[in-house]
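Structure first, then comments.
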Amino acid sequence: MSEVRTRFAPSPTGNLHVGGAHTALFAWLFARHEGGKFVLRIEDTDEVRSTDESLAAIYDGLRWLGIDWDEGPDVGGPYAPYIQSERLEIYEDYINRLIESGRAYRCFCTPEELEERREIQRARGMPPRYDRACVDLPEDQLQTWLAEGKPYCVRFRVEDEGTTVINDVVRGEVSFDNEVLGDFVIRKTSGYPTYHMAVVVDDYLMKISHVIRAEEHLSNTPSHVQLMEALGFDVPVFAHLPLIMGTDRTKLSKRHGAVNLMDYKEQGFLPEAMRNFLALIGWSPGTDEEILDLQQLIDRFTLEGVSKSPGIFDLEKATWLNGEYLKRADAEYLTELLLPMLREHDLIEDDLSPERRRWLVDVVDLMKERTRLLKDFVTWGRYFFTEDFPYDNRARKKWLSREEVPERLDMLAERIEALETWDVDSIEQAIRGLADELDVSASKIIHPCRAACTGQTIGPSLFHLMELLPQDSVVRRLRRAAELGRAGEMEPVGSVDEGPDD
RNA sequence: GGCCCCAUGGUCUAGUGGUUAGGACUCCGCUCUUUCAAGGCGGCGGCACGGGUUCGAUUCCCGUUGGGGCUACCA
């Protein structure tokens with residue numbers, strides 16, 4: 001059996017979106033599982049919409065997810081070039097062969113004429129297909145128009161009788177009546193090939209064994225198969241993947257909010273979590289396993305495990321999964337990912353001292369257990385980095401606005417200030433000692449202290465969190481909260497219900 | 001409209017001609033803890049509908065309904 005070769009063939013007309021990333025991931029996983037090659041090919045035959053920025057964005061997105069390619073525009077390969085706009089002569093050659101063999105012909109109909117006739121067909125309840133007005137132009141007419149330089153495109157003459165059956169690994173046999181096919185354009189007036197032409201030629205020349213792409217291409221496949229047959233190409237194995245839908249069950253698109261893969265990076269998704277999540281849409285290892293690292297995905301991935309039905313992009317579950325990865329992740333690694341985000345929010349200096357860096361790793365280690373997105377570190381964990389943090393309503397209502405609290409905070413501040421060592425044990429002793437002295441339960445000190453130091457009622461272990469704050473800062477926080485409490489400025493604000501108050 | 005694809009809780013899914021239809025997210029309880037947004041335990045909730053085939057259908061076939069895709073000189 002010949003080598004497995006798959007490809008991802010995006011058009012550089014925007015950022016790498018979630019759907020594209022999903023398709024790329026599946027094609028890549030299959031190639032890796034089979035020990036084959038994965039090719040990146042850029043389909044920029046849409047001259048109007050293709051951009052260089054978009055190409056860069058595709059590279060970035062794939063690399064972020066950990067998808068590498070054995071052949072592609074930047075790394076080259078035996079079938080270079082891998083950018084379609086650089087392969088124009090190749091398509092031209094095949095198009096000419098089709099014209100010579102009578103399987104393709106020049107069409108001089110203008111877009112306006114075509115649209116007009118399509119309207120008529122639709123009005124009559126007929127499928128809008130090209131009416132073959134130019135299929136057998138008299139030779140002299142053809143020559144005259146050509147001589148005049150009248151613009152034309154080239155159409156493939158489809159076989160319109162019988163059926164075309166395609167064998168799809170995920171869908172089985174799918175057959176199409178050829179009479180529904182129209183003579184589609186293979187070369188635009190501009191001279192560029194259409195997607196249909198370029199994809200067929202390149203998949204053949206690049207020896208793609210498995211065409212793995214999204215289901216939206218299934219209906220185009222019989223046209224492609226006819227083209228392959230007319231050109232004498234072998235037909236590859238097809239695998240049409242289920243689409244990813246938005247919550248409204250239509251194909252995921254801009255309307256659904258974040259469809260740009262890198263938006264998720266911005267929000268603090270880890271690439272390994274996103275990759276794991278994407279893999280689980282429309283594929284299952286056949287077991288209950290859900291958290292799968294890269295190697296496990298590669299080991300378990302098969303086309304048989306791909307489902308036929310479309311899947312909805314469930315942000316809730318993606319977020320949960322990300323939290324699982326955050327919990328398991330190495331704090332040093334997370335720190336690296338977090339730094340740019342902290343800098344963006346002016347929460348940390350640009351040049352970190354080694355001590356400061358170790359401190360940050362400790363903060364990350366303490367917080368990662370309960371975060372779900374990297375950005376939680378800058379919101380929930382803001383108080384680690386600045387004394388300028390808000391007091392939330394729960395903290396105000398439950399503790400900070402209580403009459404007895406300011407005095408206790410001041411007493412605690414005094415004890416904290418007097419501590420000669422600053423570690424978990426001494427902090428705990430100071431707090432519990434005060435509680436004992438006042439003859440109240442420790443929680444009566446712990447909770448107000450947390451509220452004063454963090455502005456929140458929830459978070460990591462209080463003593464550990466305090467240890468990571470500078471001693472003098474803790475003292476300031478306690479005194480400030482006491483002062484604001486006395487001044488009556490710790491009343492809950494706004495009308496936002498922060499939840500039950502027990 | 002035509003063609004094609006799809007159909008297990010709200011979501012992602014496992015699974016079978018005979019199962020108490022399994023797991024995960026979400027939600028809701030309970031529990032542990034200095035707090036929960038963490039941990040532990042538990043619960044609600046599903047085979048779209050109608051016909052067949054069969055001793056027996058969630059599973060196989062047909063239809064209906066619903067959803068989606070394609071129907072471009074976009075890919």
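To find a chain, count down the sequence lines: A is the first, B the second, and so on, and within it residues start at 1. Here the structure is a predicted model, which is why all the values come from computation and not from measurement.
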Would you list the protein and nucleotides 12-15 of chain B atom pairs, both N or O, that sit under 3.5 Å from each other?
residue : atom : partner : partner atom : Å
C12(B)  : OP1  : I312(A) : N            : 3.0
C12(B)  : O2'  : L280(A) : O            : 3.0
U13(B)  : OP1  : G282(A) : N            : 2.3

Using OP1 and OP2 only, check whether a side-chain N or O of K327(A) sits under 4.0 Å from G39(B). yes
Salt bridge (charged side-chain N to carboxylate O under 4.0 Å, His left out) between R129(A) and E179(A): does it pass, once the steps are laid out? CA-CA 10 Å; R129(A) 281 197 300 158; E179(A) 63 181 12; over 6 Å; no
Ignoring hydrogens and angles, does a donor from either the side chain of S461(A) or the base of U34(B) sit under 3.5 Å from an acceptor on the other? yes
Would you say the ring centers of F313(A) and Y264(A) fall short of 6.0 Å from each other? yes
Centroid-centroid under 6.0 Å between F233(A) and Y94(A) rings: yes
For C60(B), give the paired nucleotide (Watson-Crick: N1-N3 plus N6-O4 or O6-N4; G-U: N1-O2 and O6-N3; both under 3.5 Å), or none. G52(B)
Reckon R171(A) touches a base, only the sugar-phosphate, or nothing at all at heavy-atom distances under 4.0 Å? sugar-phosphate
Go through L137(A) and C134(A) one step at a time and tell me if the side chain to side chain contact (heavy atoms under 4.5 Å, CB included) criterion holds. CA-CA 5 Å; L137(A) 287 178; C134(A) 296; 4.2 Å; yes
Can you check salt bridge (charged side-chain N to carboxylate O under 4.0 Å, His left out) on E215(A) and R171(A), steps first, answer last? CA-CA 10 Å; E215(A) 200 214 292; R171(A) 281 151 220 285; 3.5 Å; yes
Indicate, yes or no, whether a donor-acceptor pair under 3.5 Å links the base of C3(B) to the side chain of S219(A). no
Given the C1' atoms of U54(B) and C61(B), what is the spacing between them in whole Å? 12 Å
Is the distance between the ring centroids of H217(A) and Y195(A) less than 6.0 Å? yes
Proximity to the side chain of R370(A) - top-ranked nucleotide from G1(B), C36(B), C73(B): C36(B)
Paired with G1(B): which nucleotide, if any, by Watson-Crick or G-U wobble criteria at under 3.5 Å for both distances? U71(B)
